[in-house]
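Below is one structure, written out as structure tokens; comments come after it.
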2 protein chains.
Amino acid sequence: MYVATDCIVFGFDNGELKLLIFPRRIGPNQGEWSLIGSFVELQEDVDQAALRILQEITGLEDVFFKQLGAYGKADRDPGYRCISIAQYALIRIGEYDKELVEKHGAYWYKLDEVPPLVLDHDQMVQDALLELRNKARHQPIGFELLPEKFTIPQLQSLYESIYQRELDSRNFRRKVFSLGVLRKLNEKDKSTSKKGAWLYRFDNDNYQTLLRSGYNFEI
Amino acid sequence: MYVATDCIVFGFDNGELKLLIFPRRIGPNQGEWSLIGSFVELQEDVDQAALRILQEITGLEDVFFKQLGAYGKADRDPGYRCISIAQYALIRIGEYDKELVEKHGAYWYKLDEVPPLVLDHDQMVQDALLELRNKARHQPIGFELLPEKFTIPQLQSLYESIYQRELDSRNFRRKVFSLGVLRKLNEKDKSTSKKGAWLYRFDNDNYQTLLRSGYNFEI
DNA sequence: ATATTAAGCGTAAAAAAGACGCTTAATTAC
DNA sequence: GTAATTAAGCGTCTTTTTTACGCTTAATAT
């Protein structure tokens with residue numbers, strides 16, 4: 001039996017979530033839009049395979065990803081009997097290698113403009129979005145989609161995209177500060193306002209400490 | 001590459017969560033305690049394989065289960081290159097076929113008395129418990145562990161087992177009633193008190209209706 | 001100097017969660 | 001037959017969290 005891994009690669013650009021897809025390289029559906037995926041080689045971990053294909057396409061070496069689940073219907077791929085381990089990956093959209101992406105024919109689509117994908121990949125995207133919504137609420141993974149330094153309005157915009165609903169800026173601000181995992185920097189971002197917004201950084205050390213003393217992250 | 005599926009089979013008995021395991025049937029670790037698992041045949045869905053092995057061991061035809069995830073380390077099984085799709089299954093412990101279970105050498109262990117398991121199965125159990133804790137809070141899956149007719153104190157006891165902490169009976173009662181998915185029956189269970197406790201049934205129809213009108217289940 | 005606007009601060013009301021005292025319906029003990 | 005016992009169930013007050021929204025501030029643009 002073949003085993004593949006497919007990555008639902010999310011990016012956040014210009015206040016919108018985007019998905020990276022590329023033309024399928026093998027099989028009867030060659031050329032159709034597909035998630036970023038590859039077969040798992042006999043001697044490599046499934047996770048290694050995901051890292052390998054993510055690096056091959058984006059040039060990034062340590063992409064953040066988590067497993068979504070296995071898709072194992074016997075008839076999911078008309079070509080071979082193949083199960084796929086789906087992974088969702090979160091990328092800082094400013095950091096990937098644009099030439100490499102272009103070379104592979106990969107493209108970032110806004111989430112609501114993604115064309116039909118091959119096999120069961122549409123389903124995977126839908127499932128990944130639900131999973132992202134749940135996970136991002138309870139774990140600090142959203143930061144993987146933002147630059148290392150970000151503003152509160154940026155963070156809010158991200159969460160509005162993930163949850164697909166507007167949030168009150170004043171309440172959002174209070175909420176995220178109450179988590180105690182944002183470290184304020186001495187810099188402002190002035191790209192979106194005259195006044196400028198303070199930049200923050202996710203304080204992972206403190207997050208880990210808090211975790212150990214039994215606290216509950218929730219945005 | 002081989003593909004297997006392993007089921008973390010939970011039951012709730014006597015106020016405690018239990019795990020069903022059996023002696024491994026193949027490979028170098030034959031005879032050691034293992035989760036309920038099997039290879040996935042070439043022509044069957046992964047889910048079908050899970051149902052098949054669950055039925056083979058418990059005699060139940062429609063066991064509730066959800067996927068936990070794929071375990072895909074290259075060296076996880078010293079015998080073969082084999083990835084495993086882990087599933088957690090919830091069983092009404094009064095309903096399984098005791099003869100069949102015995103025949104296969106399977107046994108229900110209290111969660112804190114489970115012996116060491118083969119391969120990465122200990123890890124799977126640990127992960128499944130965390131997943132159960134999360135899922136049972138936000139989705140009405142706990143009912144799969146109780147008889148169709150149950151009392152509020154039974155439900156509370158179940159959630160105390162899942163969360164591993166005590167709950168206030170008066171607040172718990174208020175909470176579950178506010179969900180609006182319990183249908184009161186005209187019967188009492190008198191097995192644990194003189195006064196008797198009213199029996200309830202999970203009202204799935206109403207749950208589905210509420211879901212569609214955007215409500216949020218949380219216990 | 002004045003207008004403009006995203007960023008940021010504060011407060012009051014509503015809802016949810018937590019703590020806990022008391023009553024009730026049945027059985028068991030005398 | 002009466003009293004004691006106890007899990008089940010009801011009600012209330014307090015604290016915390018969430019929601020709604022008015023107002024100020026720091027900078028640029030006019």
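In what follows, chains are A, B, ... by sequence order, proteins preceding strands, each numbered from 1. Computed over heavy atoms, backbone and side chain alike; hydrogens, waters and symmetry mates excluded.
- Residue B:K175 has a polar side-chain atom (N or O) positioned under 4.0 Å from OP1 or OP2 of C:dA17.
- Distance OH (A:Y215) to P (D:dT17): 13 Å, rounded to an integer number of Å.
- Between the A:R133 side chain and the A:I162 main chain, a donor and an acceptor come within less than 3.5 Å of each other.
- Put simply, B:K188 has a side-chain N or O that comes within less than 4.0 Å of OP1 or OP2 on C:dA26.
- Neither side chain, B:D189 nor B:T151, offers a donor N or O lying under 3.5 Å from an acceptor on the other.
- In the set C:dA6, D:dA8, D:dT28, the nucleotide with an atom closest to the side chain of B:P153 is D:dA8.
- We find that NZ of B:K190 is positioned 18 Å from P of C:dT24, with the value rounded to whole Å.
- Position along DNA chain D of the nearest nucleotide to B:I152 versus A:K194 favours B:I152 as the more 5'-ward residue.
- The distance from atom CG of A:D168 to atom P of C:dA6 is 15 Å, rounded to the nearest whole Å.
- Side chain of A:T192, nearest nucleotide from D:dG9, C:dA7, C:dG21: C:dA7.
- One interatomic measurement links the two molecules: CG of B:N171 to P of C:dC20, which rounds to 10 Å at whole-angstrom precision.
- A donor and an acceptor atom, one from each side chain of A:T5 and A:Q87, are located under 3.5 Å apart.
- Put simply, B:R173 has a side-chain N or O that comes within less than 4.0 Å of OP1 or OP2 on D:dG9.
- The nearest whole Å value for the distance from the CG atom in B:N216 to the P atom in C:dA16 is 11 Å.
- In the set C:dT27, C:dA7, D:dA8, the nucleotide with an atom closest to the side chain of A:A197 is C:dA7.
- Scanning atom types as modelled, no donor and acceptor separated by under 3.5 angstrom connect the side chain of B:R174 and the base of D:dG11.
- Spacing between atom CD of B:E160 and atom C1' of D:dA7 amounts to 14 Å, rounded to whole angstrom units.
- Donor-acceptor pairing under 3.5 Å is lacking for the side chains of A:K73 and B:Q48.
- B:D127 and B:Y71 are linked by a side-chain donor-acceptor pair at a separation below 3.5 angstrom, with hydrogens and angles left out of the test.
- For the pair A:E218 CD and D:dT16 P, the computed distance is 18 Å after rounding to whole Å.
- Interface remark: the A:K195 side chain does not form any donor-acceptor pair with the D:dA26 base, using a distance-only criterion of under 3.5 Å.
- In this structure, B:Y200 places its OH atom 12 Å from P of D:dA8, rounding to the nearest Å.
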